[in-house]
Amino acid sequence: MTAWLVLLPWLLTPLPVPNAGLEEAAANGAAPAGWQITFPDGAQHVWDSTVAHGGQRSLRVSAADAAKLAPNVAAWRCSLPAPGVGEWVLSLWVRGQDLPAGGMVRVRPLNAANEPLGNFGFPTARGTFEWRRQHCRFTLSAETQTIELVLGLQKATGTVWFDDLALHSAASAAEVVGRAEFSPAEALPVKSEQRLSVTWTAGSDGLQPGGSLLIEAPSWREQRNWYQVRELQATCSRAGARLTLQRGRLQNQTWPPAWVGGLASLTLAADSVALRHGDRVTVAWTITTATVLTEGASFEVSVAASADAPANLVGRHRWELAGGPAVRLNVTATPTPLPGAPARVSIAAFDALDNPAAAFSGKVTLSLEGGPSPRPTAVGISPADQGRVRLITQFAQPGIYRVTARCGEVAGRSHPIWVSAANQQGIWFGDLHVHGEASADAVGPQRYTHVYARDCLGLDFAAISDHAALGPPWEPWQRTKQANNAARDVPFYDTINGYELSFRNGHKNVYFPDDDPPFLSGTNTKLLWQQLGGREALTIPHTPNTDSGTALNAQGEKVWTTMDWAPRNEQYQRVVELVQVRSSYEQDARDPSLRVTQGGFKASVQDALAQGHTLGFIGSTDTHDGLPGSKQGWAAVVAPRLERRALWEALRDRHCYATSGARILLRMTLNEAVMGRELTLPRTTPREVRCEVVGTAPLQRIDLIRDGQVLTSASPEGEAATFRAFDDTPLTARRYYYLRVLQRDSQMAWSSPVWVTPRG
């Protein structure tokens with residue numbers, strides 16, 4: 001009988017942990033069978049025959065200099081077949097000596113191609129302690145073929161031992177550490193007061209005096225004001241048990257903000273009676289749910305069976321949020337279809353808080369402004385449609401149209417649909433800067449991101465571009481590519497692969513035109529460009545003219561500073577994200593009427609242009625709730641077709657513009673050169689700027705900007721206008737020109753510049 005089966009008699013059948021007791025030797029006799037080492041400088045790996053929990057041997061990792069390990073992992077590793085889909089628990093015994101940061105236990109699921117599908121990390125206790133049993137809970141998907149166990153140290157000193165491993169189902173583990181049941185079971189309405197509770201039923205470990213229960217929210221965004229615990233109460237079934245209930249506190253000076261002591265902790269007094277198998281503790285609290293559908297409420301419950309025991313996860317639950325009743329229909333369409341060509345029309349119901357109203361159903365009638373009745377003239381939305389529908393139609397003649405949809409009192413009117421001449425390129429709207437669950441400071445499942453962008457908001461393209469760690473391998477990158485690539489299967493929609501690198505002196509998103517690009521990072525902008533090594537990519541800066549304010553890193557420095565515009569690279573840095581959820585960064589001086597609410601650091605887009613950078617403009621939201629297009633900042637791309645390669649090439653060529661979040665249609669030329677181009681002209685040649693604008697609301701003003709100053713303006717009437725302006729001053733130096741469009745509803749658009757260099 002193996003050691004781990006003796007130690008854990010509640011396991012009825014052994015599961016495939018190779019050499020779980022660490023007694024069997026490999027062929028070379030120097031290591032336990034089935035285990036290998038990762039051995040960076042400064043660490044020692046020992047198959048220890050002097051210290052053991054059960055049997056005669058254990059695994060030991062020790063290090064004296066943490067700096068020599070960073071960012072490496074000094075660990076023993078073992079790979080084994082995945083036991084199946086669902087929640088599993090790795091149990092093992094851990095001992096520590098002089099561990100300022102604790103030891104490290106990781107479980108890494110891998111797919112058939114040996115690509116990581118996740119990275120579950122479980123730190124051990126700090127300091128010096130004798131053998132303790134630790135339970136590490138993780139989830140495996142159907143894609144998981146193998147799992148890798150990683151035991152050791154990362155960026156830490158001291159010595160840690162591991163022994164007697166066991167792998168078992170979460171249900172089996174509950175018999176030892178207990179189980180948690182959450183109430184209520186159903187989804188919660190958005191923006192509502194809710195009374196929640198969790199009941200922990202003790203397992204065979206029970207709860208000894210000094211032991212505790214800890215309630216935490218695993219995501220930063222789920223720890224914001226509406227999820228802070230209120231009206232906290234606890235009850236216990238064991239007579240004589242004395243429990244102390246304490247709320248945690250939010251540490252705002254860290255990034256992301258973190259809770260100290262969890263959201264709430266419940267500690268059994270040192271002189272209390274112990275809790276035994278089957279005893280029940282219920283903790284109840286009140287929250288106000290979020291207003292955004294993807295920001296559901298997630299909570300985890302961990303138990304430390306005694307004062308010196310590690311905390312083991314015993315249950316987690318996510319309360320999904322449900323949208324309210326429909327109050328409007330969001331009607332969108334292909335922005336610039338060709339005459340007689342197939343075009344998309346999408347209809348989606350939204351509630352009063354701008355969440356998709358999935359419960360909506362009914363018969364929707366359609367009408368067309370600017371032309372004959374559309375085909376079809378009505379469409380049904382069934383309960384199975386989740387409140388949304390897409391249909392294909394066509395517009396026979398050039399013109400400007402709008403589609404209106406109505407179902408009883410619920411109605412909506414589309415943006416302008418500009419059916420242009422056959423030789424015009426299309427204008428496509430999307431969001432290239434979207435964070436979700438793969439970013440540590442964001443929420444929103446990747447499976448829903450493109451559904452929302454495509455079917456609810458009616459965007460033409462989007463990119464999941466989550467935060468990346470500064471150094472490969474970045475494991476969520478594989479999942480991100482899979483999500484972006486899978487969404488391409490639906491007509492009239494496409495995606496681009498990208499991720500964000502948050503350097504201290506400037507944030508950049510990296511975008512590729514291909515399906516399976518590598519993860520490349522460097523530790524600064526110049527090293528990133530070197531790593532790219534000539535491959536096709538774009539590095540697009542954002543938030544250039546701001547810093548992290550009071551958010552500090554572990555060294556007490558600002559988490560990020562303003563953009564360093566000194567490095568230049570005409571191959572990779574060809575576009576800038578001018579506007580996003582935080583602000584427009586067009587100019588340095590703050591001006592809320594121009595949406596410039598951050599600035600004053602002399603690192604704005606106009607400052608970069610003045611330094612000689614040749615940058616096209618886009619907007620994107622930088623949303624952290626997984627919902628593309630739901631915040632300020634959209635990208636408009638002028639391309640011959642809606643396809644990944646064509647979109648990426650148009651961005652590379654700067655055939656793009658930024659909007660604040662509206663489908664403002666804009667075409668601009670300077671001496672027949674389209675936006676984003678560079679011209680060389682004789683010094684005395686006049687420059688003629690022409691543009692056509694079709695707004696989503698009445699226009700207020702069109703500004704022609706030359707070298708950061710307004711050269712001339714126009715105040716057109718109505719929602720559509722043409723604009724024409726001349727500059728006949730002699731060219732004495734390189735100049736740039738772009739257009740800024742303001743609507744009366746405060747929505748805006750900014751064309752990419754055209755650059756003119758004097759000849760001779």
Side-chain angles (χ1 to χ4, degrees), residues 2-11 17 20-23 46 48 50-63 75-76 78 88-107 120-138 149-154 156-168 170 172-178 200 202-214 216 262 265-268 270 274-277 300-314:
T2 60
W4 63 265
L5 189 56
V6 170
L7 291 165
L8 301 174
W10 41 271
L11 277 178
V17 179
L22 306 171
E23 303 299 315
V46 177
D48 198 333
T50 64
V51 176
H53 173 262
Q56 302 298 318
R57 290 181 179 268
S58 65
L59 299 178
R60 185 178 87 202
V61 180
S62 58
W76 290 91
C78 169
W88 296 87
V89 175
L90 173 70
S91 291
L92 70 165
W93 289 82
V94 184
R95 179 182 176 185
Q97 181 175 315
D98 300 326
L99 292 171
M104 178 201 66
V105 179
R106 282 187 186 169
V107 179
F120 299 91
F122 310 93
T124 72
R126 302 182 181 188
T128 298
F129 53 90
E130 288 302 317
W131 289 105
R132 298 176 177 176
R133 187 166 64 196
Q134 181 162 345
H135 306 289
C136 308
R137 193 181 187 115
F138 57 94
L149 308 182
V150 184
L151 312 178
L153 295 171
Q154 182 175 17
T157 58
T159 303
V160 61
W161 290 265
F162 304 94
D163 202 357
D164 294 327
L165 291 86
L167 184 64
H168 45 88
S172 297
E175 294 301 317
V176 175
V177 297
W200 173 69
S204 60
D205 278 354
L207 190 68
Q208 305 304 312
S212 60
L213 275 73
L214 182 67
E216 297 179 284
S265 61
L266 190 66
T267 304
L268 193 63
L275 302 189
R276 304 184 183 281
H277 189 278
E300 295 181 346
V301 177
S302 299
V303 174
S306 62
D308 61 352
N312 294 302
L313 180 67
V314 295

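Starting from 1, each residue takes its place in the sequence as its number.
Closest heavy-atom contact between Ala101 and Arg126: C-CG, 3.9 Å. Residues Ala156 and Ala63 approach most closely at O-CB, 3.7 Å, considering heavy atoms. Shown here for Leu90 and Phe138, the closest heavy-atom pair between the two residues is N-CE2, 3.8 Å. The two residues Ala170 and Val89 have their closest heavy-atom pair at CA-CG2, 3.9 Å. Residues His277 and Ser204 approach most closely at CD2-N, 3.2 Å, considering heavy atoms. Gly103 and Leu153 get closest at one heavy-atom pair: CA-CD2, 4.1 Å.
Using a 4.5 Å cut-off on side-chain heavy atoms (C-beta onward), Leu149 and Val107 make contact. Side-chain contact between Leu313 and Phe122 is absent, with no heavy atoms from C-beta onward closer than 4.5 Å. Residues Leu151 and Val160 fail the side-chain proximity criterion, which asks for heavy atoms closer than 4.5 Å. Residues Arg132 and Arg95 are not in side-chain contact: their nearest non-hydrogen atoms beyond the backbone lie 4.5 Å or more apart. Trp161 places none of its side-chain heavy atoms less than 4.5 Å from the side chain of Trp93.
Among residues two or more places apart in sequence or in another chain, the side-chain hydrogen bond (donor to acceptor under 3.5 Å, both in side chains) test is passed with Thr267 by none. Residues passing the side chain to side chain contact (heavy atoms under 4.5 Å, CB included) test with Gln56, sequence neighbours excluded: Glu23. Remark: Arg60 engages Asp48 in a side-chain hydrogen bond (donor to acceptor under 3.5 Å, both in side chains) (not counting sequence neighbours). For Asn312, the side chain to side chain contact (heavy atoms under 4.5 Å, CB included) partners two or more places apart in sequence, or in a different chain, are Gln134, His135, Val177. For the side chain to side chain contact (heavy atoms under 4.5 Å, CB included) test, residues two or more places apart in sequence or in another chain that qualify with Arg276 are Arg238, Asp279. With sequence neighbours excluded, the residues satisfying side chain to side chain contact (heavy atoms under 4.5 Å, CB included) with Ala274 are Gln208, Pro209. Under the rule for a salt bridge (charged side-chain N to carboxylate O under 4.0 Å, His left out), the partners of Arg137 that lie at least two apart in sequence or sit in another chain are Glu87.
Judged by distance alone, the side chain of Ser58 and the main-chain N or O of Val51 form a donor-acceptor pair under 3.5 Å. No side-chain donor-acceptor contact under 3.5 Å links Asp205 to the backbone of Ala305.
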Ser91/His168 under side-chain hydrogen bond (donor to acceptor under 3.5 Å, both in side chains): CA gap, chis, key distance, verdict: CA-CA 8 Å; Ser91 291; His168 45 88; 2.7 Å; yes

Any chance you could lay out the side-chain contact (heavy atoms from CB on, under 4.5 Å) test for Leu213 and Val314, step after step, and finish with the verdict? CA-CA 10 Å; Leu213 275 73; Val314 295; over 6 Å; no

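Note that the CG atom of Leu214 and the CG atom of Leu266 stand 10.0 Å from one another [nearest 0.5 Å]. The CG atom of Asp164 lies 9.0 Å from the CG atom of Leu92; values are rounded to the nearest 0.5 Å. Between the OG atom in Ser172 and the CH2 atom in Trp88 there is a gap of 8.0 Å [rounded to 0.5 Å]. Atoms CG and OG, on Asp98 and Ser62 in that order, are 11.0 Å from each other to the nearest 0.5 Å. One finds the CD atom of Gln97 at 10.5 Å from the CZ atom of Phe129 (value rounded to the nearest 0.5 Å). Rounded to the nearest 0.5 Å, atoms CG (Leu207) and CG (Leu275) are 5.0 Å apart.
Sorted pairs that involve residues 50-59 and meet salt bridge (Lys or Arg N to Asp or Glu O under 4.0 Å), not counting sequence neighbours, are lacking altogether.
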